[in-house]
Amino acid sequence: MVHPHLQMPMYFFLSNLSFLEIWYTTACVPKAITIFLGQSRTIPFLSCILQMYFIFTLGCTEFFLLTAMAYDRYLAICYPLHYSTIMSNTKSAQLALGSWVSGFVIVSYPTSLMAKMSFCGSNIINHFFCSTDSLVILSCSDTTPFQLAAFTMSTIVILGSCLITVVSYICIISTIVRIPSAEGRQKAFSTCSAHLIVVLMWYGSNIFLYVRFSTQNSLEINKIVNTLSIIITPLLNPFIYTLRNKEVKKAFWKIFSGTSS
């Protein structure tokens with residue numbers, strides 16, 4: 001955000017993604033750590049609903065941001081001469097703002113349905129955070145409206161953004177293979193390879209978890225997959241995006257050296 005040589009849309013989106021994942025992991029991991037350490041295994045109902053809301057809100061926002069990043073890479077590789085004109089600072093800011101607003105709005109309705117449910121049986125959540133599948137199993141209300149709303153939201157957000165991302169990468173790959181030199185192809189692919197790795201991990205785990213109407217999948221399997229999407233992927237993202245990017249590493253060491261001196 002502060003380095004003058006990284007004031008480009010790609011790094012602007014990456015800054016948004018980094019900021020998002022700070023809050024995404026904060027919504028889940030600290031409480032999960034206290035559970036694993038046996039220090040606090042309880043959570044108030046309102047806190048549980050808020051945790052669920054923020055985790056899924058930030059998750060939806062991440063889908064939209066990854067889609068915007070795929071569109072940015074599509075323009076950079078397929079239309080390099082027009083890239084700076086199409087993807088202006090205003091355009092990238094609009095895409096980022098739209099991602100944040102859409103994420104916070106679209107999860108509101110399913111969350112309100114969950115908050116109205118009755119829980120009159122066991123209050124033991126079989127998970128390390130307030131996940132929808134665990135809460136649905138505990139509810140003694142009719143969960144069909146919530147499951148329908150959640151399924152519709154998941155399908156629109158996950159499969160809709162996935163479709164745009166897949167189409168973008170089909171165009172990107174078809175453009176890269178037409179580049180005559182091997183060095184040119186490698187350089188072009190290196191600009192989007194990190195994003196592609198994150199997209200595969202993120203979409204794969206979330207499609208398995210949420211693009212289904214029934215909640216009958218094993219909760220133990222769901223917990224393992226949730227660990228990948230909520231903990232492992234955000235943990236790996238700084239290494240995938242930063243350590244494989246020469247410009248970011250160069251900027252980091254310049255700032256570090258300046259601070260040291």
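Note that the coordinates shown come from a computational prediction; the quantities given were computed from them, not determined experimentally. Just so it is clear, the values below take in all heavy atoms, side chains as well, and ignore hydrogens, waters and symmetry mates.
The closest side-chain heavy-atom distance from Ile164 to Tyr71 is not below 4.5 Å. Counting only heavy atoms from C-beta outward, the side chains of Met69 and Val199 never approach each other to under 4.5 Å. Within the 4.5 Å cutoff, no side-chain heavy atoms of Phe146 are placed close to those of Lys116. In this structure, Ser181 and Ile179 have side chains that are in contact, with non-hydrogen atoms separated by less than 4.5 Å. Residues Ile137 and Asp133 are not in side-chain contact: their nearest non-hydrogen atoms beyond the backbone lie 4.5 Å or more apart. You'll find the side chain of Ile86 stays beyond 4.5 Å of the side chain of Lys91, heavy atoms only. Inter-residue side-chain proximity for Leu95 and Phe13 is flagged as met; some heavy-atom pair is nearer than 4.5 Å. Taking 4.5 Å as the limit, some side-chain heavy atom of Leu138 sits within range of a side-chain heavy atom of Ile125.
Shortest non-hydrogen contact noted between Ala96 and Phe12 is CB-CE2, 3.6 Å. The minimum heavy-atom distance between Ser118 and Ser139, with the atom names listed, is O-OG, 3.1 Å. Looking at every heavy atom in both residues, Pro234 comes nearest to Ile230 through CG-O, 3.3 Å. The heavy-atom pair separating Ala70 from Thr165 by the smallest distance is CB-CG2, 3.9 Å. Across all their heavy atoms, Gly98 and Ser102 have their closest contact at O-OG, 2.7 Å. Shortest non-hydrogen contact noted between Thr132 and Met114 is O-CE, 4.1 Å.
Rounded to the nearest 0.5 Å, atoms CG (Leu113) and OG (Ser141) are 11.0 Å apart. Atoms CG and OG1, from Leu235 and Thr227 in turn, are 12.0 Å apart once rounded to the nearest 0.5 Å. Asn206 CG to Asn226 CG: the interatomic distance, rounded to the nearest 0.5 Å, is 8.0 Å.
By the rule that hydrophobic residues join a cluster once side-chain heavy atoms approach within less than 4.5 Å of another member, Leu46 and Val107 end up as members of one cluster. The hydrophobic clustering, which links ILVMFWY residues whose side-chain heavy atoms are closer than 4.5 Å, places Ile77 and Ile170 apart. Under the 4.5 Å side-chain contact rule for hydrophobic residues, Trp202 and Ile232 share a cluster. Both Ile231 and Met201 are members of a single hydrophobic cluster when ILVMFWY side chains are connected at heavy-atom separations under 4.5 Å. A continuous path of ILVMFWY side-chain contacts below 4.5 Å connects Ile33 to Phe129, so both sit in one hydrophobic cluster.
Disulfide check for Cys130/Cys48 passes, with the SG atoms closer than 2.5 Å.
A side-chain donor-acceptor contact under 3.5 Å links Ser161 and Tyr203. No donor-acceptor contact under 3.5 angstrom links the side chains of Ser108 and Thr111, judged on distance only.
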For residues 53-60, tabulate all N or O donor-acceptor pairs below 3.5 Å that involve a side-chain atom, not counting sequence neighbours.
residue, atom, partner, partner atom, Å
Tyr53, OH, Phe104, O, 2.8
Thr57, OG1, Tyr53, O, 2.8

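Within 6.0 Å of atom OH in Tyr83, more than 12 heavy atoms from other residues, nucleotides or ligands are found, so the atom counts as buried in its surroundings. Remark: Leu200 CG is packed, more than 12 non-hydrogen atoms of other residues, nucleotides or ligands lying under 6.0 Å away.
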Could you walk me through whether Ser40 and Thr42 pass side-chain contact (heavy atoms from CB on, under 4.5 Å), step by step? CA-CA 6 Å; Ser40 174; Thr42 62; 4.2 Å; yes
Pair Cys171-Cys78, disulfide (SG to SG under 2.5 Å): steps then yes or no: CA-CA 7 Å; Cys171 296; Cys78 298; 5.6 Å; no
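With sequence neighbours left out, the ring-ring contact (aromatic ring centres under 6.0 Å, His included) criterion links Tyr74 to Tyr79.
Ring centroid separation for the pair Trp100 and Phe64 does not come in under the 6.0 Å cut-off.
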